[in-house]
Asks: 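Sharing a structure below in C-alpha cells format, with a few things to ask.
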Amino acid sequence: MKIELRDLSFAPQGKVVFSQLNYTFTSNGNYLIQGSSGCGKSSLLTFISSLRQASSGQIIIDGQEPVNFCEHRKNCQWLRQTPYIYDKTVRENLSLSLAYHQLAIPSDDELKKHLQYLFPEGLDLEERAMELSGGQKHRLALLRSYLLKPKALLCDEISAGLDEKSRQLSEDFIFNYCSEMTVIFVSHIQESFESRESFTRLLMSKEGFEPL
Ligand SMILES: Nc1ncnc2c1ncn2[C@@H]1O[C@H](COP(=O)(O)OP(=O)(O)OP(=O)(O)O)[C@@H](O)[C@H]1O
C-alpha cells in the first residue's frame, strides 16, 4: 500500500502538533518512526488508518483518498500497545473479524501452524483469550490482524512493556510473514531495527520527517 501524506496538519484546539507534513511511504516499504513525546506519532497512525481525521491535508492511499473506511481499516491494520481482546476463545478472537469482513476462516491446520510459530509455549484454539498473559494477547492480536491479509501494518509501540520473548516472537513474525505489506513501526526501541537494513528510519518533528 502506497501512503502519501499531503500537507497533513494536526492542531487540536488550535495547538499545533505538526504542520504541513509531506511524505510518501512506498508500497511494501518498512519504516521506523521516532520522535519526541507528543510530536504526533500515534496520532499520525490513527489518521493513516482513518480512525480519526487530521485537522487538514490529505492522505492518499494507492493514488486516491479512501472512500470505503471499513475496507480501508481492514487493509490498514493498526496495532496498539494495549490490544483489544474479545472475552471469547482464541478461535473466536481469530475468526470474528474474518467473518465480519466476509473472509474465509482458515482451516484448523493453518491456524495451528501460525499458533505454533507465535506461541511455541503452546496455545489451544479453545483457550479463553482473556486469561492469556499480556504478551500472549499481543501476539494473538497480531495474528488476528495478519489473517485479515492487510496491505499495511501500523504498529504503535507494540513492543513497549513486553517481555523479551514476546517482543522477539512478534517482531520475527512481522519481519518474516509481512514482507509484502507496508509496515510502519512507531517505537522507542532501537535494537530490533539496527540489523534491519531494509528499514527506513525517520525522525518526526513539528517540521516533518528527516532521516535518522
Ligand atoms: N483528541 C485530542 N485532543 C486534544 N489533543 C490531542 C488529541 N489527540 C492527541 N492530542 C495531543 O496531540 C499531541 C500528540 O499526541 P500523540 O499521542 O500523537 O504523540 P506521540 O508522538 O505518539 O507521543 P508519545 O511518544 O508520548 O506516545 C499530544 O500533545 C496530545 O495531547
Side-chain angles (χ1 to χ4, degrees), residues 1-26 29-61 65-66 69-70 72-85 133-135 137-142 144-145 150-164 166-168 170-171 174-175 178 181-194 196 199-212:
M1 175 185 283
K2 182 178 167 190
I3 302 164
E4 295 174 67
L5 313 180
R6 292 190 190 160
D7 292 331
L8 199 73
S9 299
F10 180 41
Q13 284 110 44
K15 186 191 98 183
V16 177
V17 176
F18 56 76
S19 174
Q20 308 251 301
L21 214 55
N22 285 285
Y23 193 80
T24 299
F25 298 96
T26 59
N30 291 172
Y31 298 87
L32 168 65
I33 299 179
Q34 298 193 309
S36 59
S37 179
C39 73
K41 305 177 293 295
S42 298
S43 300
L44 176 63
L45 295 191
T46 61
F47 300 146
I48 292 174
S49 54
S50 290
L51 290 162
R52 293 197 297 161
Q53 282 239 305
S55 308
S56 62
Q58 286 178 299
I59 298 178
I60 307 295
I61 305 295
E65 281 190 282
F69 292 117
C70 179
H72 176 58
R73 286 180 200 133
K74 182 201 80 69
N75 284 334
C76 196
Q77 283 290 302
W78 173 65
L79 292 167
R80 56 183 176 162
Q81 198 175 344
T82 317
Y84 184 80
I85 295 294
S133 72
K137 284 179 183 158
H138 252 276
R139 286 178 265 154
L140 183 61
L142 171 59
R144 183 174 61 198
S145 287
K151 296 177 181 168
L153 207 54
L154 311 179
C155 306
D156 190 359
E157 293 286 5
I158 59 165
S159 302
L162 279 192
D163 59 290
E164 182 58 20
S166 285
R167 185 173 75 78
Q168 280 286 340
S170 299
E171 289 176 358
I174 293 173
F175 296 141
C178 305
M181 301 175 196
T182 304
V183 179
I184 306 177
F185 274 93
V186 163
S187 176
H188 292 290
I189 301 170
Q190 280 271 13
E191 58 197 82
S192 324
F193 304 94
E194 269 159 9
R196 307 266 170 197
F199 265 79
T200 302
R201 296 150 199 241
L202 300 168
L203 180 66
M204 183 174 171
S205 70
K206 252 189 176 51
E207 285 74 39
F209 292 116
E210 54 183 279
L212 258 174

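In this text, all values refer to a predicted model and were calculated from it rather than measured experimentally. As a basis for the values below, the full set of heavy atoms in this structure was taken, side chains included, without hydrogen atoms, waters or symmetry mates. For ligands, and for the atoms within them, numbers begin at 1 and follow the listed sequence.
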Asks: Is a side-chain donor or acceptor of Ser55 paired with a backbone partner of Ala11 at a separation under 3.5 angstrom?
Replies: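 Yes; at least one donor-acceptor contact below 3.5 Å.
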Asks: Show your reasoning for whether side chain to side chain contact (heavy atoms under 4.5 Å, CB included) applies to Leu154 and Leu44.
Replies: CA-CA 10 Å; Leu154 311 179; Leu44 176 63; over 6 Å; no
Asks: Under a strict 4.0 Å criterion on non-hydrogen atoms, which protein residues are in contact with ligand 1?
Replies: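 Ligand 1 is contacted, at a heavy-atom distance under 4.0 Å, by Phe10, Pro12, Gln13, Lys15, Val17, Ser36, Ser37, Gly38, Cys39, Gly40, Lys41, Ser42, Ser43, Arg52, His188.
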Asks: Tell me, which pairs form a salt bridge (charged side-chain N to carboxylate O under 4.0 Å, His left out) where one or both residues lie in residues 5-22, sequence neighbours left out?
Replies: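 As it turns out, the salt bridge (charged side-chain N to carboxylate O under 4.0 Å, His left out) pairs with a partner in residues 5-22, which skip direct neighbours, are Glu4-Arg6.
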Asks: In a table with atom names and distances, give each donor-acceptor pair under 3.5 Å that connects a side chain of residues 202-212 to protein atoms at least two apart or in another chain.
Replies:
| from | atom 1 | to | atom 2 | distance (Å) |
| --- | --- | --- | --- | --- |
| Ser205 | OG | Glu207 | N | 3.3 |
| Ser205 | OG | Glu207 | OE1 | 3.4 |
| Lys206 | NZ | Val16 | O | 3.1 |

Asks: Holding to side chain to side chain donor-acceptor pair (under 3.5 Å), I want the full list of residues that pass it with Thr82, two or more places apart in sequence or in another chain.
Replies: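 Residues passing side chain to side chain donor-acceptor pair (under 3.5 Å) with Thr82: none at all.
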Asks: Under 3.5 Å, side chain of Gln53 to main-chain N/O of Ser50, donor-acceptor pair present?
Replies: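 Checking the backbone N and O of Ser50 against the side chain of Gln53, no donor-acceptor pair under 3.5 Å is found.
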